[in-house]
Amino acid sequence: MRIYDIIKKKRDGFSLTKSEINFFINGYTKGNIEDYQISSLLMAIFLNKMNMEETANLTEAMINSGEQVDLSSIDGIKVDKHSTGGVGDKTTLVLGPMVAACGLPVAKMSGRGLGHTGGTLDKLESIKGFNVALTKNEFINNVNKIKLSICGQTANIAPADKKLYALRDVTATVDNISLIASSIMSKKLASGSDAIVLDVKVGNGAFMKTIEQASQLAKVMVEIGTRMNKKVIALLSNMNQPLGKAVGNALEVKEAIDTLNNNGPEDLVKLCLNLGSYLLYLGGIVNNIDDGKNKLAKTLKDGSALNKFIEMVNAQGGNEACIKNTGLLPKAKYIVELKSQASGYIKNMYAEEIGKAALTLGAGRDTKEGNIDLSVGIVLNKKISDKINKGEVLAYVHGNDMLNIEKSIHILENAIDISKTSIEEEKLIMRIIDKDNIKLF
């Protein structure tokens with residue numbers, strides 16, 4: 001078998017066999033196939049696409065390229081949640097403790113973020129002393145003991161995906177459903193959970209801008225999981241505005257803690273109740289979604305979700321005092337108010353631009369080696385459809401450098417539209433996709 005023949009076959013629009021896919025993934029992972037050859041193959045895949053069989057085989061080959069985490073020593077059905085990424089998305093920090101408080105084990109391996117803000121691991125490191133670099137035994141023991149642990153992915157999970165993604169990023173071949181789906185699902189499936197709920201973001205602040213694109217991606221990912229005997233459901237959620245009001249690492253942690261204290265923003269709570277109810281359903285804790293929502297809501301009211309979060313923080317070396325007094329979290333030197341220049345109703349809050357405003361402050365990183373300022377970010381005072389008066393605060397900008405704050409405010413001013421007429425509130429959960437309503441290709 002030769003990589004030349006595989007490239008030519010895909011270039012000419014034919015489907016690749018499982019053995020051909022295994023050959024190029026194994027060869028590239030081991031360094032036996034050159035970057036320029038895989039670049040050519042990626043472009044052929046991008047232009048001619050892959051069918052479902054090829055996509056599933058590609059995912060399996062990437063899973064087999066590295067370590068697969070064995071969670072069989074954890075009691076019960078292990079569940080996980082994956083988000084395709086959005087602005088202000090601190091869902092894991094709230095959802096994990098809520099689900100664990102219902103008795104379902106959450107073994108969550110997360111990453112660091114590129115772009116407007118840090119990832120889940122960066123946010124958790126806003127809590128002094130919090131250790132995300134657990135050994136496998138520490139991770140498993142924590143889940144068995146308290147039903148919850150969030151740590152960094154092992155370096156050897158799906159190494160083929162890491163190499164392929166780096167190449168896709170510089171060859172304009174990122175935006176392909178099969179390549180996106182196999183990238184996400186190879187890491188999720190290698191992480192060992194039995195059931196996965198996918199939060200596929202849709203809108204101007206998401207990778208998938210339209211509900212049609214997001215639905216296609218969700219269907220492919222659910223089908224991949226189903227073929228590999230995993231329980232997978234996808235929810236499409238709105239990302240035309242940031243989730244919650246806080247954008248920035250420590251600010252999002254504070255908002256997550258407020259939510260666990262039953263005082264969170266409505267959209268964040270609603271999303272966690274929806275995602276969590278499907279996790280509880282897949283995990284056999286409830287028989288229907290409404291029971292799941294009721295059970296999860298109770299964990300916020302009775303404090304059990306907050307206590308579960310505190311247990312996790314203690315188990316991973318974090319300072320519990322930061323949870324009980326969020327004033328101990330990293331704080332920016334300056335807080336500048338952005339006031340409305342007009343009265344009316346919030347028509348648009350372009351999430352992607354608001355993310356860029358946070359990045360300008362230092363809340364995110366442009367490269368994997370970049371540094372993050374955990375203290376900076378933006379706290380919105382309004383959401384889409386809210387009424388606002390001239391001179392009223394639109395947002396609070398938290399920063400440590402006045403020049404960056406000014407740049408951030410300029411971006412924010414152009415990211416928020418105000419209408420003279422009232423605006424209808426946007427739907428948060430846009431579609432639900434499971435194995436029974438998939439029609440592919």
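Being a predicted model, the structure only gives us computed values, none of them experimental. All values below were derived from every heavy atom in this structure, side-chain atoms included, with hydrogens, water molecules and symmetry-related copies excluded. Sequential numbering from 1 along the given sequence is applied to the chain's residues.
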Taking all atoms of both residues into account, what is the closest heavy-atom pair of S215 and R431, and its distance?
OG-NH1, 2.9 Å

Checking D161, D194, D80 against K188 for salt bridge (charged side-chain N to carboxylate O under 4.0 Å, His left out), the one that qualifies is D80

I want to check something: taking the side chain as every heavy atom from C-beta on, are I323 and L306 in contact at a cut-off of under 4.5 Å?
yes

In sequence, state the C-alpha distance, the side-chain angles, and the governing distance for F207 and L217, and then conclude on side chain to side chain contact (heavy atoms under 4.5 Å, CB included).
CA-CA 11 Å; F207 187 70; L217 175 62; 5.8 Å; no

CD1-CD distance between I310 and E320, expressed to the nearest 0.5 angstrom:
5.0 Å

For D267 and G244, indicate whether the former's side chain and the latter's backbone hold a donor-acceptor pair under 3.5 Å.
yes

Sidechain-backbone polar pair: N26 side chain, N22 backbone, donor-acceptor under 3.5 Å
yes

Tell me yes or no: between the side chains of S126 and N249, is some donor less than 3.5 Å from an acceptor?
no

Kindly indicate whether the side chain of L16, heavy atoms from C-beta on, has any atom under 4.5 Å from the side chain of F24.
yes

Rounded to the nearest 0.5 Å, what separates atom NZ in K219 from atom OG1 in T226?
13.5 Å

Between R227 and E223, does any side-chain N to carboxylate O distance fall below 4.0 Å?
yes

Could you tell me whether a side-chain N or O of E311 sits under 3.5 Å from a main-chain N or O of I146, the two making a donor and an acceptor?
no

Check: K108/S149 side-chain N/O donor and acceptor closer than 3.5 Å:
no

Could you tell me the separation between the OH atom of Y350 and the CG atom of N240, rounded to the nearest 0.5 Å?
9.0 Å

How far apart are the closest heavy atoms of G152 and L121, and which atoms are they?
CA-CD1, 3.5 Å

Atom pair CG/OG of D290 and S277 - distance to nearest 0.5 Å
8.0 Å

Is it true that atom CG of D12 has more than 12 heavy atoms of other residues, nucleotides or ligands lying nearer than 6.0 Å?
yes

What are the two closest heavy atoms between I378 and L251, and how far apart are they?
N-CD1, 3.7 Å

Using atom types as modelled and distance alone, determine if a side-chain donor or acceptor of N262 lies under 3.5 Å from a backbone N or O of G303.
no

K382, NZ: over 12 other non-hydrogen atoms inside 6.0 angstrom:
yes

What I want to find out is whether E67 reaches K136 closely enough, with some N-O distance under 4.0 Å, to be called a salt bridge.
no

Would you say the side chain of F139 lies within less than 4.5 Å of the side chain of M109, judging by non-hydrogen atoms?
yes

Determine whether T92 and K81 satisfy the following criterion, side chain to side chain donor-acceptor pair (under 3.5 Å), listing intermediate values before the conclusion.
CA-CA 8 Å; T92 294; K81 183 273 305 180; 3.0 Å; yes

Under-4.0 Å salt bridge between K209 and E352:
yes

I'd like to know if D5 and K9 make a salt bridge, using a cut-off of under 4.0 Å between side-chain N and carboxylate O.
no

Hey, is K270 close enough to E266 for a salt bridge, meaning N to O under 4.0 Å?
no

Going by heavy atoms in the side chains, are I157 and V69 under 4.5 Å from each other?
yes

So, K90 side chain and L243 main chain: donor-acceptor pair closer than 3.5 Å or not?
yes

Does the distance from a Lys or Arg side-chain N to an Asp or Glu carboxylate O, for E426 and K383, drop under 4.0 Å?
no

Side chains of P105 and D75, heavy atoms from C-beta outward: is any pair under 4.5 Å?
no

Closest approach of L71 to S193 (non-hydrogen atoms, all atoms of both residues):
CD1-N, 4.0 Å

Would a distance-only check, ignoring hydrogens and angles, find a side-chain to backbone donor-acceptor pair under 3.5 Å from T29 to I25?
yes

Please tell me whether K187 and S183 have a donor and an acceptor in their side chains that are separated by less than 3.5 angstrom.
yes

Please report the C-alpha distance between S375 and N400 in whole Å, then the side-chain angles of each, then the deciding distance to 0.1 Å, and finally whether the side chain to side chain donor-acceptor pair (under 3.5 Å) criterion is met.
CA-CA 8 Å; S375 68; N400 291 313; 3.0 Å; yes

For the side chain of S40 and the backbone of Y36, is there at least one donor-acceptor N/O pair under 3.5 Å apart?
yes

Establish, from distance only, whether the side-chain atoms of N137 and T135 form a donor-acceptor pair under 3.5 Å.
no

Distance-only, no hydrogens or angles: does the Q316 side chain make a donor-acceptor pair with backbone N or O of N142 under 3.5 Å?
no

Verify, without hydrogens or angle tests, whether D122 (side chain) and G119 (backbone) share a donor-acceptor contact under 3.5 angstrom.
yes

Are the side chain of E54 and the backbone N or O of N51 linked by a donor-acceptor pair below 3.5 Å?
yes

Heavy-atom pair with the smallest gap, counting every atom of K163 and Y28
NZ-O, 2.7 Å

Nearest-0.5 Å distance, CE of residue M228 to CD of residue E60
4.5 Å

Inspect the surroundings of OH in Y281 and state if more than 12 heavy atoms from other residues, nucleotides or ligands are less than 6.0 Å away.
no

Minimum heavy-atom separation for E20 and M1, please, with both atom names.
CA-SD, 3.8 Å

